[in-house]
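The next block holds one structure in the form of structure tokens; read it before the comments.
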Amino acid sequence: LLKQPNEFERLQDMNLQVTIPRSHWIDTALKSWGVSDVRLLEIRFPGDSHKEMLTARERLGRAEELYRIGDYPHVLTELRNAFDAIAQAYSQKGVGKDAWEQILTHTHMDVRGKLLGSFSAFRDFLHLGPHQPMPTAHAPVPISRQDARYALIVAHSIFEYFSAENWPGI
């Protein structure tokens, strides 16, 4: 109740729960207060109609878990395994450059060439992760948090690329 101008009488205690979408909170509220330089990007994933695609998504999830617990070398291993699952799902040629060529057959040859180069370079980077189950302490190359974060970001963008293009069978 309003007693006098700008004076309210307390009626009852209550909790008010407000839900604000994360993207709005980051892009609007925090940014307007100068608190955050975070950008939020929504990533779509390909469907899981093939068993191998479901496996790839599970391995990507496992890589995210490993990142959270600080096992950075094995983040690369799980991401490499995720891409191998995609190659196995959509190519009769097995894992490797030939598999990605087959997956990208419907793209323009100039685009396909550049994509193959970037996928190949990224897959080579993922090979820095251990190739067999082993303690992180014995990893042949030290993989930093930034290295693992880079790998996760690139992997997510590649998954998004396949989602956006409505790849045959994906």
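- Checked against the 6.0 Å centroid criterion, the rings of Phe83 and Phe119 do not qualify as a close aromatic pair.
- Separating the CZ atom in Arg68 from the CG atom in Leu66 is a distance of 9.5 Å, to the nearest 0.5 Å.
- Residues passing the salt bridge (charged side-chain N to carboxylate O under 4.0 Å, His left out) test with Arg62 are Glu65, sequence neighbours excluded.
- Contact detail for His74 and Pro130: the closest heavy-atom pair is NE2-CG, 3.7 Å.
- Glu64 and Leu152 make their closest contact through CG-CD2, 4.0 Å (heavy atoms, listed as atom of the first residue, atom of the second, distance).
- The shortest distance between side-chain heavy atoms of Tyr72 and Gln146 does not fall below 4.5 Å.
- Take Glu58 and apply the side-chain contact (heavy atoms from CB on, under 4.5 Å) test, not counting sequence neighbours, and it matches Leu54.
- Between the side chain of Ser157 and the backbone N or O of Val154 there is at least one donor-acceptor pair closer than 3.5 Å.
- Side-chain atoms of Val75 and Ile143, non-hydrogen and from C-beta on, never get closer than 4.5 Å to each other.
- Closest of all the heavy-atom pairs between Phe125 and Ala151 is CE2-CB, 3.9 Å.
- Once rounded to the nearest 0.5 Å, the distance linking CG of Leu79 with CD1 of Ile158 reads 9.5 Å.
- At a threshold of 4.5 Å between non-hydrogen side-chain atoms, the residues Leu116 and Ser118 do not count as touching.
- Phe159 and Tyr150 fall within the same hydrophobic cluster, defined by Ile, Leu, Val, Met, Phe, Trp and Tyr side-chain heavy atoms under 4.5 Å apart, directly or through other members.
- Residues Val111 and Leu104 share a hydrophobic cluster, clusters being chains of Ile/Leu/Val/Met/Phe/Trp/Tyr side chains in contact below 4.5 Å.
- A pairwise comparison of heavy atoms in Leu128 and Leu76 identifies CB-CD2, 4.1 Å as the closest pair.
- Every residue two or more places apart in sequence or in another chain that forms a side-chain contact (heavy atoms from CB on, under 4.5 Å) with Asn81 is listed here: Arg59, Thr77, Glu78, Asp84.
- No donor-acceptor distance shorter than 3.5 angstrom exists from the side chain of Asp124 to the backbone of Ala121, with no hydrogens or angles considered.
- Residues meeting the side-chain hydrogen bond (donor to acceptor under 3.5 Å, both in side chains) test with Arg145, sequence neighbours left out: Tyr67.
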Residues His108, Arg112; criterion side chain to side chain donor-acceptor pair (under 3.5 Å); working and verdict: CA-CA 6 Å; His108 185 277; Arg112 182 174 48 246; over 6 Å; no
